[in-house]
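We name chains A, B, ... by the order of the sequence lines, and we start the count at 1 in each one.
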Amino acid sequence: MSGFTAPHCGSLRAADVGNGVELYGWVAHRRDHGGLIFIDLRDRWGAVQVVFNTEVMPEAHRKASELRSEYVVRVKGEVTRRRTGSENPRMPTGEVEVAASELEVISAAKTPPFQIEDDVDADEALRLKYRYLDLRRPRMQQMLELRHKVVKVMHRYMDANEFIEVETPMLLKGTPEGSRDFIVPSRLHPGEFFALPQSPQQLKQLLMVAGIGRYYQIARCLRDEDLRADRVVEITQLDVEMSFCTEEDVFALIEGLWAKVWKELLAVDLPIPFPRIDMQECLLKYGTDKPDLRYDLEIADVTEALRQTESTVLRAPIEEGGVVRAVRFPDGHGLSRRELDELALMAKGAGAKGLAWIPGPLDKRMTEGERAAILSATKAGDGDLVLLVADRRRKAETVMGLLRREIARRRKLIRENEWRPLWVYPMYLFEEDDLGNLTYGHHPFTSPWPEDMDLIDTKPYQVRARAYDCVMNGVEIAGGSIRIHERGLQERVFEVLGLSKERIRSQFGHLLDAFEYGVPPHGGIASGIDRLMMVLAHTDNVRDVVPFPKTQSHQDLMLGAPSQVEPAQLEELHIQVVQPQKGTKTPS
RNA sequence: GGUCCCGUGGUGUAGCCUGGCCAAACACGCGGCCCUGUCAAGGCCGAGAACGCCGGUUCGAAUCCGGUCGGGACCGCCA
């Protein structure tokens with residue numbers, strides 16, 4: 001018998017009492033009582049207590065005194081019921097223990113750089129460097145298993161709904177639009193490059209043209225962008241596309257999927273259907289496109305009330321076309337100067353010119369009417385503080401969104417045990433970029449609402465998009481759209497976006513051509529599994545749910561990637577490296 | 001591209017604002033000895049850091065200043 005077929009340490013239960021077993025695992029703890037030594041033997045399934053008794057098995061006991069943390073051992077013994085009173089109800093295996101008769105050290109171990117236990121908050125860089133040790137922690141192993149189960153539910157669910165998984169290539173054509181591409185040099189075509197997929201977007205649409213009808217894929221996508229707590233370079237997404245569908249079909253499909261995932265993995269019944277909110281309303285009320293509805297604070301627009309105000313810091317931004325937004329800080333009267341400074345620093349860090357509050361220094365520049373309007377709009381009462389930000393609309397929204405979240409954290413307003421999914425829908429086709437230019441809010445294949453099309457020249461920002469995001473507890477867990485399927489409309493949208501005929505042909509010619517050979521109306525959605533996992537695992541850090549994540553500066557601290565390659569390799573690829581003047585990265 | 005925070009024994013922190021009492025404290029871990037029912041075992045003893053790196057200010061720096069490297073949070077960016 002090999003160790004592979006041996007029972008799992010963490011699986012032993014009272015029913016196994018009396019069985020002779022051979023166990024393989026890692027030494028998690030050793031408690032040496034002299035004549036009696038206990039070790040907790042750990043494997044992926046958990047840990048079980050093994051007892052070495054010098055009177056019963058002196059040889060095994062002698063060897064056990066040499067054991068140290070993280071040694072890999074083989075133990076032979078008998079599963080016994082623990083003495084009455086010494087059961088451990090905190091361990092699933094706590095009713096039993098293994099009386100050891102034989103011990104073999106398979107592999108000794110150095111003292112690990114951090115303890116292999118949950119709740120040991122070692123520095124993240126250290127955890128990443130020794131990820132193989134970090135992943136030994138029970139919580140990380142549970143995460144990997146949870147992740148596996150989530151994907152398994154997805155496969156089963158999509159299959160049950162007659163979707164088929166189709167693989168799409170990793171080596172694609174680069175696009176100047178959207179996220180920055182990771183590119184791969186072509187050895188056979190000097191000076192030419194492939195791009196790694198940001199998503200299989202165009203390919204899945206072409207699969208619809210191909211008549212597949214219902215496609216899905218657990219797809220890896222790569223985006224060369226700056227990282228955040230909820231962002232990694234390589235993401236895994238459930239990618240879905242379907243023909244002859246409307247928004248409602250997509251919503252129903254995904255709500256059904258989430259219901260199943262939550263039911264099977266958390267035993268939670270999600271209320272279906274999910275509520276929906278218009279993107280503009282969402283940005284106003286919550287200051288973000290991914291609101292957390294587990295707390296109620298709503299942001300108010302007080303621009304009109306302050307249009308004539310004496311306070312220049314508030315009025316000037318309005319005169320420049322901006323807005324003033326306000327939010328209540330419950331029981332905020334008692335905030336110290338220091339706490340207010342922290343909030344102001346946060347607002348400035350997000351790009352605001354400043355932060356105002358009522359009651360505060362601005363009171364004397366405000367009329368009683370203005371003040372009353374603000375208090376009423378924010379539903380502020382005695383003891384509450386109101387925070388005000390005056391700025392360009394997008395900036396004010398961003399800052400208020402951050403403040404709203406910060407207030408909720410400080411006042412512990414978040415109802416942690418709730419699940420609050422929603423659809424942000426409809427969204428809008430165009431957004432304004434920093435320079436005030438028209439830019440698309442989504443990818444350019446997103447269909448506008450047909451009835452809004454006559455606004456496209458006059459009031460482009462009012463044109464709704466058939467696009468939607470699914471948000472759960474403040475995390476965007478899916479997003480997609482109904483696509484354009486008519487060549488004429490697609491060309492029109494490209495045109496409005498200012499793409500030249502030539503660029504349209506070279507970038508999207510294949511798609512437009514395909515649209516001339518019989519194309520079904522279609523739409524789809526993609527769900528970032530890493531973000532989904534964050535929600536399911538209750539963590540704010542994606543790196544906690546990714547097996548081998550990179551740092552904020554795109555480095556793999558374990559592998560030491562990226563790294564330089566041999567000159568010969570570069571030569572073969574027809575590449576010359578030009579080092580930047582400064583800021584050169586040093587490989588670790 | 002920008003703003004902010006952090007960097008002290010193996011690990012996590014304290015000290016830093018208000019330089020000297022700090023070759024630096026505490027906990028965990030580690031090593032040794034004792035211990036037959038513990039499970040964060042316990043008891044006793046012990047080893048281990050000149051405070052990321054470079055430079056500056058000062059009679060004197062972990063502590064102040066500048067730079068640099070590394071990690072993180074956020075804004076921009078992420079169609």
Side-chain angles (χ1 to χ4, degrees), chain A residues 28-40 47-56 61 65 68-69 82-91 93-94 97 110-130 175-181 198-199 201-202 221-233 235 342 345-352 394-395 398-399 401-402 405-406 429-431 433-434 439-446 465 467 476 479 481 493 497 499 507 528 540-541 543 551-553 555 557 582-586 588:
Chain A
H29 292 285
R30 179 179 60 111
R31 294 178 291 280
D32 189 339
H33 288 233
L36 199 62
I37 297 174
F38 300 98
I39 64 169
D40 294 331
V48 68
Q49 173 164 286
V50 178
V51 195
F52 297 89
N53 191 320
T54 190
E55 282 178 13
V56 184
H61 175 271
S65 62
R68 294 296 180 269
S69 288
R82 292 196 187 189
R83 315 180 156 187
T84 309
S86 70
E87 300 90 349
N88 186 342
R90 285 176 304 169
M91 290 176 83
T93 61
E97 63 191 8
K110 296 207 289 192
T111 302
F114 50 85
Q115 285 161 261
I116 313 297
E117 278 172 28
D118 292 338
D119 300 320
V120 173
D121 50 340
D123 183 72
E124 204 179 343
L126 197 70
R127 288 175 55 199
L128 291 178
K129 182 173 178 189
Y130 296 95
T175 55
E177 281 76 26
S179 188
R180 204 175 285 119
D181 286 320
Q198 295 176 24
S199 88
Q201 182 59 37
Q202 294 189 42
C221 306
L222 299 101
R223 296 170 191 178
D224 188 2
E225 292 295 341
D226 291 345
L227 268 27
R228 286 286 198 293
D230 63 345
R231 260 194 246 162
V232 272
V233 186
I235 64 166
E342 279 171 9
L345 190 68
M346 174 178 227
K348 281 186 183 154
R394 289 298 301 274
K395 183 57 70 183
T398 301
V399 175
L402 289 171
R405 199 176 61 186
E406 182 64 17
L429 203 58
F430 301 109
E431 286 171 4
D433 70 15
D434 276 345
T439 170
Y440 35 76
H442 318 280
H443 57 66
F445 317 115
T446 297
E476 181 195 323
S481 66
V493 169
L497 292 169
L499 273 66
Q507 291 299 321
D540 290 329
N541 183 348
R543 284 170 251 109
T551 66
Q552 202 167 55
S553 56
Q555 292 194 62
L557 297 179
K582 59 172 279 196
T584 311
K585 276 187 268 181
T586 48
S588 48

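In plain terms, the two heavy atoms of A:T175 and A:Q202 that are nearest each other are CG2-NE2, 4.5 Å. Nearest approach of A:A347 to A:V399, heavy atoms of both residues: CB-CG1, 3.7 Å. Looking at every heavy atom in both residues, A:S69 comes nearest to A:A28 through OG-O, 4.0 Å. The minimum heavy-atom distance between A:V232 and A:L227, with the atom names listed, is C-CD1, 4.1 Å. Smallest separation of non-hydrogen atoms from A:R82 and A:E87: CD-CA, 4.0 Å. Taking all atoms of both residues into account, the shortest heavy-atom contact from A:C221 to A:Q198 is CB-O, 3.1 Å.
Not counting sequence neighbours, the partners of A:R180 by the salt bridge (charged side-chain N to carboxylate O under 4.0 Å, His left out) test are A:E225. A:L345 is linked by a side-chain contact (heavy atoms from CB on, under 4.5 Å) to nothing, counting only residues two or more places apart in sequence or in another chain. For A:E476, the side chain to side chain donor-acceptor pair (under 3.5 Å) test picks out no residue, with sequence neighbours left out.
Between A:E87 and A:G349, the residue anchored nearer the 5' end of RNA chain B, judged by the nucleotide with its closest heavy atom, is A:E87.
Between the P atoms of B:rC5 and B:rG10, the separation comes to 27 Å (whole Å). Taking the P atom of each, B:rG20 and B:rG37 are spaced 50 Å apart, rounded to whole Å. The separation of B:rG15 from B:rC6, taken at their C1' atoms, amounts to 16 Å, rounded to a whole angstrom. Between B:rU57 and B:rC77, the two C1' atoms lie 40 Å apart (nearest whole Å). A distance of about 31 Å separates the C1' atoms of B:rG67 and B:rA25, rounded to the whole Å. B:rU8 and B:rA49 have their C1' atoms separated by 7 Å, given to the nearest Å. Spacing of P atoms, B:rC44 relative to B:rC35, comes out at 16 Å, to the nearest Å. When the P atom is compared between B:rU13 and B:rG7, the two are found 9 Å apart, to the nearest whole Å.
Residue A:D540 contributes atom CG, which lies 14 Å from atom C1' of B:rC74 at whole-angstrom precision. Put simply, CG on A:L557 is 19 Å from P on B:rG52, counting in whole angstrom units. The separation between A:K110 atom NZ and B:rG10 atom P is 13 Å, rounded to whole Å. Note: NZ (A:K395) to P (B:rG2) measures 15 Å, nearest angstrom. Atom CG in A:D181 sits roughly 13 Å away from atom C1' in B:rC78 (whole-Å rounding). A straight line from CG of A:L345 to P of B:rC4 spans 8 Å, rounded to a whole angstrom. In this structure, CD of A:E225 is placed 14 Å from C1' of B:rC75, rounded to the nearest angstrom. Summarising the geometry, the separation between CD on A:E117 and C1' on B:rC39 is reported as 12 Å, rounded to the nearest angstrom.
Across all strands shown, nothing is found opposite B:rC35 as a Watson-Crick or G-U wobble partner with both distances under 3.5 Å. Across all strands shown, B:rU3 pairs with B:rA73; the Watson-Crick or G-U wobble distances both stay below 3.5 Å. B:rA50 is unpaired under the criterion used here, namely a Watson-Crick or G-U wobble arrangement in which both key atom distances are under 3.5 Å. For B:rA25, the paired nucleotide is B:rU13, the pair qualifying as Watson-Crick or G-U wobble because both relevant distances are below 3.5 Å. If you check B:rC64 for Watson-Crick or wobble pairing at under 3.5 angstrom, you find it paired to B:rG56.
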For this session: Please test A:R231 against A:D226 for salt bridge (Lys or Arg N to Asp or Glu O under 4.0 Å), starting from the C-alpha separation and ending with a verdict.
Result: CA-CA 8 Å; A:R231 260 194 246 162; A:D226 291 345; over 6 Å; no
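With hydrogens and angles disregarded, no donor-acceptor distance shorter than 3.5 Å links the side chain of A:S553 to the backbone of A:Q555. Using a distance-only test at 3.5 Å, with no hydrogens or angles considered, no donor-acceptor pair links the side chain of A:R30 to the main chain of A:R68. Without hydrogens or angle criteria, A:H61 side chain to A:V51 main chain gives no donor-acceptor distance under 3.5 Å.
Residue contacts for A:P113: at a heavy-atom cut-off of 4.0 Å it reaches the sugar-phosphate backbone alone, with no base atom in range. A:R228 comes within 4.0 angstrom of a nucleotide base, judged by non-hydrogen atoms across all strands. Counting non-hydrogen atoms under 4.0 angstrom, A:S65 reaches nothing in the nucleic acid. Base contact: A:Q201 has a heavy atom under 4.0 Å from a base atom. Across all strands shown, A:K348 has no heavy atoms under 4.0 Å from either base or sugar-phosphate atoms. Across all strands, A:R30 comes closer than 4.0 Å to no nucleic acid atom at all (heavy-atom distances).
When the shell of 6.0 Å around CG of A:D118 is examined, it contains more than 12 heavy atoms from other residues, nucleotides or ligands.
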Grab the N/O contacts between the protein and nucleotides 33-37 of chain B below 3.5 Å, and write none if there aren't any.
residue, atom, partner, partner atom, Å
B:rC35, N3, A:D32, O, 3.1
B:rC35, N3, A:G34, N, 3.2
B:rC35, N4, A:D32, OD1, 3.3
B:rC35, N4, A:G34, N, 3.4
B:rU36, OP2, A:H33, O, 3.1
B:rU36, OP2, A:G35, N, 3.1
B:rU36, N3, A:N53, OD1, 3.2
B:rU36, O4, A:N53, OD1, 3.4
B:rU36, O4, A:E55, OE1, 2.7
B:rU36, O4, A:E55, OE2, 2.3
B:rG37, N7, A:R83, NH2, 3.4
B:rG37, N1, A:E97, OE2, 2.9
B:rG37, N2, A:E97, OE1, 2.4
B:rG37, N2, A:E97, OE2, 3.0

Distances for protein N/O vs nucleotides 12-14 of chain B N/O pairs under 3.5 angstrom?
residue, atom, partner, partner atom, Å
B:rG12, OP1, A:D123, N, 2.8

Tabulate protein N/O versus nucleotide N/O from nucleotides 26-30 of chain B, keeping only pairs under 3.5 Å, one per line.
residue, atom, partner, partner atom, Å
B:rC28, O2', A:Q115, OE1, 2.9
B:rC28, O2', A:Q115, NE2, 3.2

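One finds a side-chain N or O of A:H29 lying less than 4.0 angstrom from the OP1 or OP2 phosphate oxygen of B:rA41. Regarding contacts with the backbone of B:rU38, every side-chain N or O of A:R31 stays at 4.0 angstrom or more from both OP1 and OP2. In this structure, A:S553 reaches the B:rG71 phosphate: one of its side-chain N or O atoms is under 4.0 Å from OP1 or OP2. In terms of phosphate contacts, A:Q552 brings no side-chain nitrogen or oxygen within less than 4.0 Å of OP1 or OP2 of B:rG70.
At least one side-chain heavy atom of A:F430 sits less than 4.5 Å from a side-chain heavy atom of A:L497.
With hydrogens and angles left out, the side chain of A:N88 and the base of B:rC39 share a donor-acceptor pair within 3.5 Å.
Among B:rA41, B:rG72, B:rG76, the nucleotide with an atom closest to any side-chain atom of A:R231 is B:rG76.
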